[in-house]
Amino acid sequence: MSVEMRRSSTSAVPIKNIERELICPICKELFTHPLILPCQHSICHKCVRELLMQNHEDSFDAGSECSLPGSPRSRVPSPSMERLDRLVRSGSISSPGWRRGSVTPRVTTIPCPGCQHDIDLGERGISMLFRNFTLESIVERYRQAARAAIAIMCNICKPPQQQEATKSCMDCKASYCNECFKLHHPWGTPKAQHEYVGPTTNFRPKVLMCPEHEMEKVNMYCEVCRRPVCHLCKLGGSHANHKVTSMSSAYKILKEKLAKSIHYLISKEDQVRTQITELELLINQTQENGHLAERRANEHFERLFETLQERKSEMLRSIEQSRDRRLDQFKAQVEEYQGMLENSGLVGYAQEVLKETDQSCFVQTAKQLHVRIQKATESLRTFHPAADPCFDEFVLDTSREETLIKEMCFGGVPDPPLIDLSQSRVYNEASICWRLSDDHLPTDHHVLEYRRIGGPSQSPSQEDGEDSGVWRATDRVHGPSTVVFDLDPDSLYSFRVRSCRNSMFSPYSPEVTFHTPPAPAFGFLFSDKCGCSTERLILNKRRDTVESVAGMAFLLGAERVQTGSYIGLDYIIGDTGISQGRHYWAFKVEPYSYMVKVGVASDSKLLEWFHNPRDTSSPRYDHDSGHDSGSEDTCYELSQPFTLLTLGMGKLFIPKASSSSSVSTANAASGDPSNRVLPMPQRMGVCLDYDACRVYFYDADTMRCLYERQVDCSGIMYPAFGLMGSGKVQLEEFITAKRLTF
């Protein structure tokens, strides 16, 4: 008992220091039955269900699973995990927001709160996720360490004699005191072989089962998906062409890597502590500098306020003086006009003067009085106010000053954004995306600039021309991407972007260079009406992705073939044909694909393929199969009505060229098979010059021509794809965007 207490006390010290690692990013509480997402982040089981319900609120039947008001967490039922597992395994429940037979399509995509990526849970939804039993155990140990005074009681003893548990049986899923454990696990019986641990409330299954094949144990590790799988997943499931290792090997490798990483961190403990001290000093400096900046800002604004107050007082004083002066002028004018009234003022005085009878005295006084009367009469005829009642000269136009104040920058110069090469695509139009800096301060807008810096088709005179090297700017962009139109084909363009905040621009981002294709982009989707085998090819709803699954139909086809290594290719074409001009399209072939043929074919050849899929006119018997396995020594003949290039297993195979063929690339002309096997590009591009009867294959990232040859363009040419075994082809969004808008 004392030894066990010592163990718990020594393990409780470090376990309390890892609370931040045990908090769910959704509910901000300790993990409860955490599930592992495909991106390897963990979320509580309830939180995953809540995310699904939030994403499917429009199609969610409020009465199907939750009817209680309150917070999102209060709406979720909380049965035991064992019962939930049984329901999920039996298919009685599925993803929230979808019911069997519902007309609303089930979508099982949720945003991961850890990496912000959209996670597709697939058709089986939550049931495809593994429980993170290791994390559950650590959380349980943390809970026990946090509530050391609260003991786990025996589940067999009855109060008031209930004893503290000393063991927990993982098979019985119960906790026992010493006496009850001996009683229920007698020596010499099968129960004596049960696995027992220290007292716990976290009972996990002894064997991890495959969520896709419920009765199979996981015994392998998929290195592509980074998750445990069973042997059925490897044989014919979604991991058929993935690289897998044994569970023991994965356990050993991962444990060694983790142990080495932990050992390295522990060996650098002094360095970590030094850096923590430096960070603490930086925190103190930040606090001090922040207070200093506040004081200085207050001083600057106080000076501004004082200056404004002085100018305000001066202006108000000037207005007051002008007002008093004008009022005096108006009052004097009023008194003057009041004197023109009868029996008052000047008129009254003149009336009294008229009463004078002495001629000499009258003349002496009336001369001056007559001048005043004439002036009054003249002012009456041409009335003018003595002053201007308007104060327009005191109206201030402060718009410029207000603009200057509003444009005062207090956030500093923003950091430059970075152009995202993985998301940007350049054709005859360029879709440029960028990532914002991590300073978490909003920006007002962005400005993208681009220039042509040359290309294979550019002459020296053009390089010295007006457009060469001159940066052209787009309009203000308020998002993280924009589209540039009217780019020249087969040219090099350089792009850069900068952000603006409070009229202050960031430095330019590092320049990135893209090579435009040799022809405008050709928009099309996969055709679901012409020759597409719905048994072996899976076409998504947008018709921009086709996938070939090596399932039972593939095995049945193999049984019917007794000779040769060819079983047959399943072909699919674009829904739009080409009858003139130059056109370019790009796509991605998944690296795990067994065999994928890409290229062009005429309408006459397509009819032959689709109507005679099993005779010798099938492309698998043609001289241009393109799959250079080492035993195939045939070559392309001149002017075939189709050209197909073979990709598979992460490789690209350049066909051999006969002496009469019009074929370019040194690899094709070489007789060494190793020179004709290249790594598969991440993105493939195809350019068809219908008028010149020539087709080109490119690495779409670098626009390097991998292979070109002559092709017979006597009919309508279609983009053609052939798949055998497991494989997947996805058209680029730019290629499909124009078609999807109609």
Side-chain angles (χ1 to χ4, degrees), residues 235-238 240-241 524-577 585 587-629 632 640-653 655 680 684 686 697 717-731 736:
L235 288 178
S238 57
N241 293 295
F524 68 93
L525 300 173
F526 287 120
S527 174
D528 57 352
K529 297 179 174 60
C530 183
C532 177
S533 173
T534 58
E535 296 180 358
R536 297 177 296 275
L537 295 182
I538 301 175
L539 193 61
N540 67 346
K541 293 182 179 180
R542 290 166 54 94
R543 293 196 289 125
D544 60 353
T545 300
V546 62
E547 184 174 6
S548 174
V549 179
M552 186 60 66
F554 186 79
L555 296 178
L556 292 175
E559 285 186 355
R560 292 194 294 268
V561 177
Q562 304 298 328
T563 61
S565 59
Y566 297 102
I567 297 176
L569 289 167
D570 293 311
Y571 280 87
I572 189 170
I573 62 173
D575 61 355
T576 305
W585 59 93
F587 50 89
K588 179 182 179 181
V589 177
E590 291 296 336
Y592 68 81
S593 301
Y594 175 69
M595 180 191 289
V596 177
K597 288 179 176 288
V598 299
V600 295
S602 66
D603 50 357
S604 59
K605 193 63 180 179
L606 291 171
L607 290 175
E608 182 181 342
W609 288 352
F610 294 144
H611 288 282
N612 301 284
R614 297 302 175 193
D615 59 18
T616 56
S617 65
S618 173
R620 65 181 182 274
Y621 292 105
D622 280 326
H623 296 297
D624 61 339
S625 68
H627 181 59
D628 211 329
S629 61
E632 186 179 16
Q640 293 279 357
F642 63 95
T643 294
L644 297 172
L645 201 63
T646 303
L647 301 93
M649 305 303 291
K651 302 294 183 182
L652 182 145
F653 301 90
M680 181 191 299
M684 281 291 299
V686 178
F697 296 86
M717 306 298 291
Y718 289 86
F721 303 83
L723 297 90
M724 183 169 70
S726 295
K728 184 177 181 181
V729 179
Q730 182 175 1
L731 300 178
T736 61

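Nothing fancy with the numbering, it's 1 onward along the sequence.
- Applying the side-chain contact (heavy atoms from CB on, under 4.5 Å) test to S602 and every residue at least two apart in sequence or in another chain returns S604, K605, P641, M717.
- Distance check, rounded to the nearest 0.5 Å: OG1 of T643 to CG of L645 gives 9.5 Å.
- Of all non-hydrogen atoms in Y592 and E547, the two that sit nearest each other are OH-OE2, 3.5 Å.
- By the side-chain contact (heavy atoms from CB on, under 4.5 Å) test, K651 is found to be paired with F653, V677, residues two or more places apart in sequence or in another chain being considered.
- For the residue pair W585 and G599, the shortest heavy atom distance occurs at CZ2-O, 4.1 Å.
- Considering every non-hydrogen atom in both L652 and L647, the closest pair reads CD1-CD2, 4.0 Å.
- Partner of I573 under the side chain to side chain contact (heavy atoms under 4.5 Å, CB included) criterion, chosen from Y718, F526, F524: Y718.
- Tested against R543 for a side chain to side chain contact (heavy atoms under 4.5 Å, CB included), the candidates L525, L731, I572 yield a single pass: L525.
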- Message: Could you go through F587 and V598, starting from their C-alpha distance and side-chain angles, then the distance that decides it, and tell me whether this counts as side chain to side chain contact (heavy atoms under 4.5 Å, CB included)?
- Response: CA-CA 10 Å; F587 50 89; V598 299; 3.6 Å; yes
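- Scanning for side-chain contact (heavy atoms from CB on, under 4.5 Å) contacts around Q730 gives T545, with sequence neighbours left out.
- Across G725 and S548, no two heavy atoms sit closer than the pair O-OG, 2.5 Å.
- The backbone N or O of G648 lies less than 3.5 Å from no partner atom in the side chain of S593, so there is not a single donor-acceptor pair.
- Note that CG of L537 is 4.5 Å distant from CG of D570, once rounded to the nearest 0.5 Å.
- Atom CE of M595 is separated from atom CE of M724 by 3.5 Å, given to the nearest 0.5 angstrom.
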